[in-house]
Amino acid sequence: QVQFVESGGGLVMAGESLRLSCVASGLRLDYYAMGWFRQAPGKEREEISCISSGSSNTYYEDSIKGRFITSRDNAKNTVYLQMNSLKPEDTAVYYCAARAVSRCNSIGKNTYDSWGRGTRVTVSA
């Protein structure tokens, strides 16, 4: 019933940009903090950002801080991840995730309830 569909991934060269979108259905995002995760080949899934339900607060993992920006449009039930200055180490499958509270804790301290199926980002050197 609850679904999250990511899009916007693809193959880019280092230094280029992508914008990922996550569209939710089956629930309204108004009261949910939303995170982005990524899973690189051979590595565990890691949380890289969290945005509060009203966009008042955002948190970023150190490796993407200053390069990636998460935003949301609750009227469209959509969360975004703008990825700039992409690096080969950003290559991963990117997932959006819903947290059943309105606030974010620091990265690594959040729990999430639902995930999308992911969109693949490949960055070539």
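Position 1 is the first residue of the sequence; numbering continues from there.
- Salt bridge Glu6/Arg117: absent, no basic N to carboxylate O contact under 4.0 Å.
- Annotation: cation-pi geometry not satisfied between Arg72 and Tyr80 (NZ/CZ under 6.0 angstrom from ring centroid, within 45° of ring axis).
- In Tyr32, the OH atom is not crowded: 12 or fewer heavy atoms of neighbouring residues, nucleotides or ligands sit closer than 6.0 Å.
- Shown here for Ile107 and Cys50, the closest heavy-atom pair between the two residues is CD1-N, 4.0 Å.
- The OG atom of Ser53 lies 9.0 Å from the OH atom of Tyr31; values are rounded to the nearest 0.5 Å.
- With rounding to the nearest 0.5 Å, the separation of OG in Ser49 from OH in Tyr59 is 12.5 Å.
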Inset, instruction - Decide side-chain contact (heavy atoms from CB on, under 4.5 Å) for Ile69 and Leu81; before the verdict, give the C-alpha distance in whole Å, the side-chain angles of both, and the deciding distance to 0.1 Å. - result: CA-CA 6 Å; Ile69 301 171; Leu81 184 67; over 6 Å; no

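- Proximity of Ile51 to Trp36: side-chain heavy atoms (C-beta onward) are nowhere separated by under 4.5 Å.
- Ring-plane geometry between Trp115 and Phe37 is classed as perpendicular, the angle between the planes exceeding 60 degrees on a 0 to 90 degree scale with a lower cut at 30.
- A donor and an acceptor atom, one from each side chain of Arg103 and Asn105, are nowhere located under 3.5 Å apart.
- Considering all non-hydrogen atoms of both residues, Ala14 and Ala125 come closest at CB-CA, 4.3 Å.
- No donor-acceptor distance shorter than 3.5 angstrom exists from the side chain of Thr119 to the backbone of Ser7, with no hydrogens or angles considered.
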Inset, instruction - Could you walk me through whether Asn74 and Arg28 pass side-chain contact (heavy atoms from CB on, under 4.5 Å), step by step? - result: CA-CA 8 Å; Asn74 288 344; Arg28 292 185 63 180; over 6 Å; no

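- A distance of 12.5 Å separates OH in Tyr95 from CG in Leu20, rounded to the nearest 0.5 Å.
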Inset, instruction - Starting from the C-alpha separation in whole Å, work towards a yes-or-no answer on side-chain contact (heavy atoms from CB on, under 4.5 Å) for Val121 and Met83. - result: CA-CA 10 Å; Val121 173; Met83 304 186 295; 3.8 Å; yes

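- A distance of 10.5 Å separates OG1 of Thr70 from CD of Gln82, quoted to the nearest 0.5 Å.
- In summary, the side chains of Asn84 and Ser17 do present a donor paired with an acceptor at a separation below 3.5 Å, with no hydrogens or angles considered.
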Inset, instruction - Any chance you could lay out the side-chain contact (heavy atoms from CB on, under 4.5 Å) test for Thr111 and Arg99, step after step, and finish with the verdict? - result: CA-CA 6 Å; Thr111 57; Arg99 174 171 161 82; 3.6 Å; yes

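- Heavy atoms only, all atoms of each residue included: Ile48 and Ile64 are closest at O-CD1, 3.5 Å.
- Residues Val2 and Leu29 share a hydrophobic cluster, clusters being chains of Ile/Leu/Val/Met/Phe/Trp/Tyr side chains in contact below 4.5 Å.
- With respect to Asp62 and Lys65, a salt bridge is recorded, a charged nitrogen being found less than 4.0 Å from a carboxylate O.
- Remark: Asp113 engages no residue in a salt bridge (Lys or Arg N to Asp or Glu O under 4.0 Å) (not counting sequence neighbours).
- Of all heavy-atom pairs spanning Ser114 and Phe4, the tightest one is CB-CE1, 3.5 Å.
- When all heavy atoms are compared, the tightest approach of Ser21 to Thr78 is CB-CG2, 4.3 Å.
- Residue Glu16 holds its CD atom at 11.0 Å from OG of Ser85, rounded to the nearest 0.5 Å.
- A donor-acceptor pair shorter than 3.5 Å can be found between the side chains of Glu47 and Tyr112.
- With rounding to the nearest 0.5 angstrom, the CE atom of Met13 is 5.0 Å from the OG atom of Ser124.
- In terms of modelled atom types and a separation under 3.5 Å, the side chain of Asn110 and the main chain of Cys104 share no donor-acceptor contact.
- Of all the heavy atoms in Arg38 and Ser63, the pair that sits closest is NH2-OG, 3.2 Å.
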